[in-house]
Number of protein chains: 2
Amino acid sequence: MSENHRTSTAHEPVSPVTIRDVARAAGVHLSTVSRALDPRRRAAVSAEVLEAVEQAARRLGYRPNRAASALRTGRTYTIGVLVPDITNPVFPPILQGIEACAASRGWFVMLANVSGSAMAQPIVERMLAQQVDGIVLATASREDPLVDFIVGAGLHAVMVNRADESGRLPSVVSDDRLAMKLAVDHVVQTGCQRIAHLAGPQSLPTGMGRLQGFEQALRDRKLESAGVVVCEAYSREAGRVAMARLLAQSAVPPEAVVCSNDLVALGAYDALHAAGLSVPGDVAVTGHNDMPLVDMVHPSLTTIRLPHRELGWRAAQLLFDALDERQMSAATVVLRPELVVRNSTRPLPAHAD
Amino acid sequence: MSENHRTSTAHEPVSPVTIRDVARAAGVHLSTVSRALDPRRRAAVSAEVLEAVEQAARRLGYRPNRAASALRTGRTYTIGVLVPDITNPVFPPILQGIEACAASRGWFVMLANVSGSAMAQPIVERMLAQQVDGIVLATASREDPLVDFIVGAGLHAVMVNRADESGRLPSVVSDDRLAMKLAVDHVVQTGCQRIAHLAGPQSLPTGMGRLQGFEQALRDRKLESAGVVVCEAYSREAGRVAMARLLAQSAVPPEAVVCSNDLVALGAYDALHAAGLSVPGDVAVTGHNDMPLVDMVHPSLTTIRLPHRELGWRAAQLLFDALDERQMSAATVVLRPELVVRNSTRPLPAHAD
DNA sequence: TTGAAAGCGCTAACAA
DNA sequence: TTGTTAGCGCTTTCAA
């Protein structure tokens, strides 16, 4: 049994090497080690001491204990991320962007999947107990009480993809109004005049934003809406139900249906097929998000592509800005979506696949 | 300015209320507060004191500082999760399962997206510095040096979806051999005899396992392989290239192609179409994973469904078992995949869609 | 340029 | 049943 043996149970397998051990090995005081290992204070250490410390640290396999450092400084180098449903394909690339930005600075991401808005505040409170330095919210509803809590707690936070309407927190979103204008203008150009909209849940910022964008786009074109139905959710089944309802509303189907979401659009396919209508022959359909494989469905879906990964990266950047400069400028960053034309809106299936 | 005002910079917005404040408010010693607030030691506190403490804590909005507790106990109530690519649709449900299991116990998940196996060990080291209590790896290669490091460090870890071959760590995987047997038996039943396989990367446990499963399934049926091509990656493009190569290898195409992955299968579609062959008319195709929307592609893809969420949940459970009982029984849990029959293997397209 | 010393907030012996 | 006390590993004044 060696002399400086430390009790190491299975519970405590991680580096038992402390800053004190490194100091002893390097023959200096532990405060000198702390200094030498901190990039910002390294300059105040002589070259030979620096070398000795670094060598000792390397030799012993020293790994600074972030829990201790967090207790002392209040910084954990960790941000919390709340997403509503990680299996919704919109969120993985956003999360990837956030994680990549955090990792590029040596920070970590704590992930929480928030099922149901009632869970959000307790989760944020637990994250606060964990001393996260900031939070990225991808879960906001239009008037989200969580924002009150966060602002009240003085917590650093930003919103991504969905921003609440108060504008009290910085946010990074896609331009939903532009997205709908792109879709409407496109179907108009292919010859459609009677255009309907399958809207998303109006409790969500995106649901309302896209609906307003659709209406504005029609006004710009001096067109009347051929009907709007609000979906219960951004899901295929909700889209199917909504499309069926839309068809039931009038004798003649619309020439085009602009959907607030790809899954909704695929649900619209289902209802249109069930009604014996063909896409795009009888009705053109557009989606929103360009989720994986919508280029493989039949017919391939014309949709709106969002820079999801960039949304996440920029949101994290905004958070780090706030953290660094000790200030929260409640900026809103709006990124541009892009139209992706495929076969669900082809005027004529001349070049059939 | 109140008397017990604490300096609260923008950096330190989180609860400045400490256990000491609660003790003062409740008129007891801070160790009594610690006891009263710990479920395991609560019993040793009198009812009236317990009540007073809880009330004071609630009134002051006390939130235990986990960094301090972590420093003292070595426990952060956090597990690290490494995934190779969060935008690969296999991983979100696995991650969801892990997160849900962790959340059900009040634990948190630190997520790292590991791009490139060289990044893995540095990330684990940084997680160790963060004092994570354990790690879930979804990134393993067949003989992964990371496992050496983890075992050497005495770190608690489990593998999910992909398990390395040494069996030194507990793991939760799907039965790849059974999966391929299900696929082969199915296409045999639909009348195919000349069956080929598009294999996954042989550096990955799943790539090799499925290839072996395919070969075994053919042996069981006393059939000769109609060709095997190994894909560069689990991607559509790699599948397309591999299928093209397979077609070039012999004059007559196989009757069925059993693929190691859905994306690979969709790439096979591409190559088959390019060669003027129809699915399933000329060649039947099966996939693996049942990723979202493969029921919507044309033709809808027959594939193998995995219990991805359960994979994640069970992996987390295994990790918590190890953490609780201070022992690492290197158990392997093998879950059963399930065949999902769709139109890419229909014997006759009688009921065309 | 380095060392000494205090203390972040909490837990867990041990003592009363 | 409650209080006293030491200290987890680190950062950061302050002094030398």
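FYI, side chains are in, hydrogens and waters are out, and symmetry mates aren't considered; it's all heavy atoms of this structure. First the proteins, then the strands, lettered A, B, ... as listed; each starts at 1.
Note on A/R41: a base of the nucleic acid sits closer than 4.0 angstrom, heavy atoms only.
Contacts between residues 28-38 of chain A and DNA chain D, counted as heavy-atom distances below 4.0 Å, involve A/L30, A/S31, A/S34, A/R35.
Without hydrogens or angle criteria, B/Q130 side chain to B/T78 main chain gives no donor-acceptor distance under 3.5 Å.
Along DNA chain D, the nucleotide nearest to B/A43 and the one nearest to A/A67 differ in position, and the one closer to the 5' end is contacted by B/A43. Residue order along DNA chain C, read from the 5' end via each residue's closest nucleotide, puts A/A44 first among B/A68 and A/A44.
Nearest heavy-atom pair, B/A163 versus B/V173, reported as atom, atom and distance to 0.1 Å: CB-CG1, 3.8 Å.
Listed nucleotides: C/dT2, C/dA12, D/dT12. Nearest to the side chain of A/T73: D/dT12. In this structure, of D/dT12, C/dT2, D/dG9, it is D/dG9 that holds the atom nearest to the side chain of A/N65.
Under the 3.5 Å distance criterion, with hydrogens and angles disregarded, no donor-acceptor pair is assigned to the side chains of B/R75 and B/T73. A donor-acceptor pair shorter than 3.5 Å can be found between the side chains of A/S34 and A/R41.
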- Derivation and outcome, salt bridge (charged side-chain N to carboxylate O under 4.0 Å, His left out), residues B/R162 and B/D144: CA-CA 11 Å; B/R162 305 173 176 177; B/D144 201 318; over 6 Å; no
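Considering B/V22, B/V28, B/D21 in turn, B/D21 is the only one that fulfils the side-chain contact (heavy atoms from CB on, under 4.5 Å) rule with B/R24.
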